[in-house]
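Only heavy atoms go into these numbers, but all of them, side chains included; no hydrogens, no water, no symmetry mates. Whatever order the structure lists them in is the order used to number ligands and atoms, beginning at 1. The structure presented is a predicted model; accordingly, all values stated were derived computationally and were not measured.
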Amino acid sequence: MKLSVIGCGYLGAVHASAMAELGHDVIGIDVDAAKIGRLAEGQAPFFEPGLSEVLTSAMKSGRLRFSTDMADVAGAQVHFIAVGTPQKPGSHAADLRFVDAAITALLPHLSVGDLVVGKSTVPVGTAARLAEVIAASGTGASLAWNPEFLREGFAVKDTISPDRLVYGVPSGEAGKHAQALLNQVYATAIAAETPLVVTDYATAELVKVSANAFLATKISFINAMAEIAEVSGADVTQLADAIGFDSRIGRRFLNAGVGFGGGCLPKDIRAFTARAEELGRGESVAFLKEVDAINLRRRQRVVDLTVSALGARAYGRKVAVLGLSFKPHSDDVRDSPALDVAVQLHGLGAEVVATDPQAIDNSRARHPQLTYAVGIEETLRGADAVVLVTEWPEFRAIDPAWAASIVRTPTVIDGRNTLDATAWRAAGWTYHGLGRP
Ligand code: UGA
């Protein structure tokens, strides 16, 4: 099929490449000329495992092109909207200006029978509004909402083999037409018997935000247990293992630590709360404010533990920060707990030296005041405290005896409860986990 993907960020660049890999003919559009320039040369504009390979092979096949000119969508029958919906400045609501701009720019290029497919995470009610805009344009195109559940770090795999497909479609013939086209787009996943839910716009929009709200709640639940563990002497990691054996609960997403970040979970729960309030049902998701508050308290806890480990005086002390991205296998520092902790410690006068396998450039662009080091050894040398805030495999693999010989004081704050506490203590370290004795 001929497809267009509008917006080539973390979502769109992967979607465009994966769709071309699956055999479709794809044009990726973005207003950012630098990004399109890199993509057109077959270079991934951000770090995502497997993306470069898929991008290169799709470009070689001739099935993938990139452009800044919306007119180049001509000939495509299905148009994916994959632009960002960040938090609005000064508000908790989602900023829909990029979605609206994408639709406005696309309208003049739509033809009868074309399908516009929203993938961006939007407040419930957005698709119905956009469907009216498309209907009023008289182009004969229609709209479906097809939320995306990919995880950064696994984005290519999640796009090629999704764990479910959700189509929000209009009723009647238009809905059947939309479903038929989407089934062609996702023919490989459909053939693999991927679960499919065909529903209305509102449900499709809500599936996405409620999935992220559930995941955020699960993480904040275990982090709340960590807070209780801290005042009662219990160990939250053992608690998570024990409750996780109950298949109704499950162990995944029960890792207590510095909390969730990234471009999705934090802003999505805030936008959900804002939208529910607009709909007069703020009380239904008021607990998400608590989920957010618990999450932000965990960042403060890591900072407090570090300052206390430094004898209540951070000023002038060297703190080695391991990790800057919001999670491993990503260079994304949007709302990253790791970067936030580094910045807060710097603000308290500590001499922060931070490292990350992929996220130094993005971190430096946002926070040039921090000192960044490329290697683990350079980061640790002479440190008065070590703070691990992103569980990259290379940090987990650090030999504690070797590390103890490099730092000034062998004190580690494990903000992800990911190190072997026994091994680190045996190597002479004072080990502090979160929610652990
Ligand atoms: C999340 C969802 O998992 C995806 O399904 C969704 O498609 C995506 O948002 C989106 O809306 O686009 P992602 O932001 O890539 O994906 O990251 P997650 O793997 O969900 O992790 C989010 C944060 O939670 C990270 O900071 C991670 O370190 C933290 N986390 C995760 C924990 O603190 N504890 C856990 O047990 C699991």
What's the shortest distance from [atom] to any protein heavy atom, and which residue and atom give it?
atom: atom 3 (O) of ligand 1; value: L215 CD1, 3.5 Å
atom: atom 28 (O) of ligand 1; value: R416 NH1, 3.0 Å
atom: atom 23 (C) of ligand 1; value: F260 CB, 3.5 Å
atom: atom 15 (O) of ligand 1; value: E152 N, 2.7 Å
atom: atom 19 (O) of ligand 1; value: K327 NZ, 2.8 Å
atom: atom 1 (C) of ligand 1; value: L265 CD1, 3.7 Å
atom: atom 8 (C) of ligand 1; value: L150 O, 3.4 Å
atom: atom 36 (O) of ligand 1; value: N255 N, 2.9 Å

R151, any N or O under 3.5 Å of ligand 1 N or O: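 No - when backbone and side-chain N and O of R151 are compared with those of ligand 1, no distance drops under 3.5 Å.
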F326 N/O to ligand 1 N/O under 3.5 Å: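 So ligand 1 has an N or O lying under 3.5 Å from an N or O of F326.
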Within the 4.0 Å heavy-atom shell around [X], which atoms of ligand 1 are there?
X: E148; value: 7 (O)
X: L254; value: 36 (O)
X: G259; value: 26 (O), 33 (O)

Of the non-hydrogen atoms in [X] and [Y], which two are nearest, and what is the gap between them?
X: L150; Y: A155; value: CD1-CB, 3.7 Å
X: P437; Y: A234; value: CD-O, 3.5 Å
X: A44; Y: L51; value: CB-CD2, 3.8 Å

Per-residue contact class, K208 against ligand 1 - non-hydrogen pairs under 4.0 Å: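 Under 4.0 Å from ligand 1, K208 contributes side-chain atoms alone.
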L11 and ligand 1 - part of the residue with a heavy-atom distance under 4.0 Å: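 Under 4.0 Å from ligand 1, L11 contributes no heavy atoms.
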Contact with ligand 1 for C264, non-hydrogen, under 4.0 angstrom: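 The answer is yes, since C264 has a heavy atom less than 4.0 Å from ligand 1.
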R252 to ligand 1, any heavy atom closer than 4.0 Å: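 It does not; every heavy atom stays at 4.0 Å or beyond.
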From the candidates F149, Y10, F253, the one that places a heavy atom nearest atom 20 (O) of ligand 1: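 Selected option, by shortest heavy-atom distance: F253.
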Heavy-atom nearest neighbour of atom 31 (C) of ligand 1 within options N212, I219, I222, T121: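 The option holding the nearest heavy atom is I219.
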K157 side chain vs P162 backbone, donor-acceptor pair below 3.5 Å: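 No; zero donor-acceptor contacts below 3.5 Å.
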Side chains of V343 and H346 in contact at under 4.5 Å (non-hydrogen atoms):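 With C-beta onward as the side chain, the pair stays apart.
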Y372 side chain near D361 side chain, heavy-atom distance below 4.5 Å: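 The answer is no; the side chains never approach within 4.5 Å.
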By ring pair (Phe, Tyr, Trp, His ring centres under 6.0 Å) - contacts of F46 (at least two apart):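 For F46, the residues satisfying ring pair (Phe, Tyr, Trp, His ring centres under 6.0 Å) (neighbours in sequence not counted) are Y10.
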Qualifying residue, where the test is side-chain contact (heavy atoms from CB on, under 4.5 Å) with L322 and the options are D414, V412, I398: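 For L322, the side-chain contact (heavy atoms from CB on, under 4.5 Å) check succeeds only for I398.
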Cation-pi geometry met for R275 and F272 (6.0 Å, 45°):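 No, a cation-pi geometry is absent between R275 and F272.
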Test: R164 cationic atom under 6.0 Å from F149 six-membered ring centre, within 45° of axis: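 Yes, R164 and F149 form such a contact.
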Salt-bridge present (D384, K318; N to O < 4.0 Å):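 Looking at D384 and K318, the cut-off is not met.
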Side-chain ion pair, K119 and E148, N-O less than 4.0 Å: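 Salt bridge present between K119 and E148.
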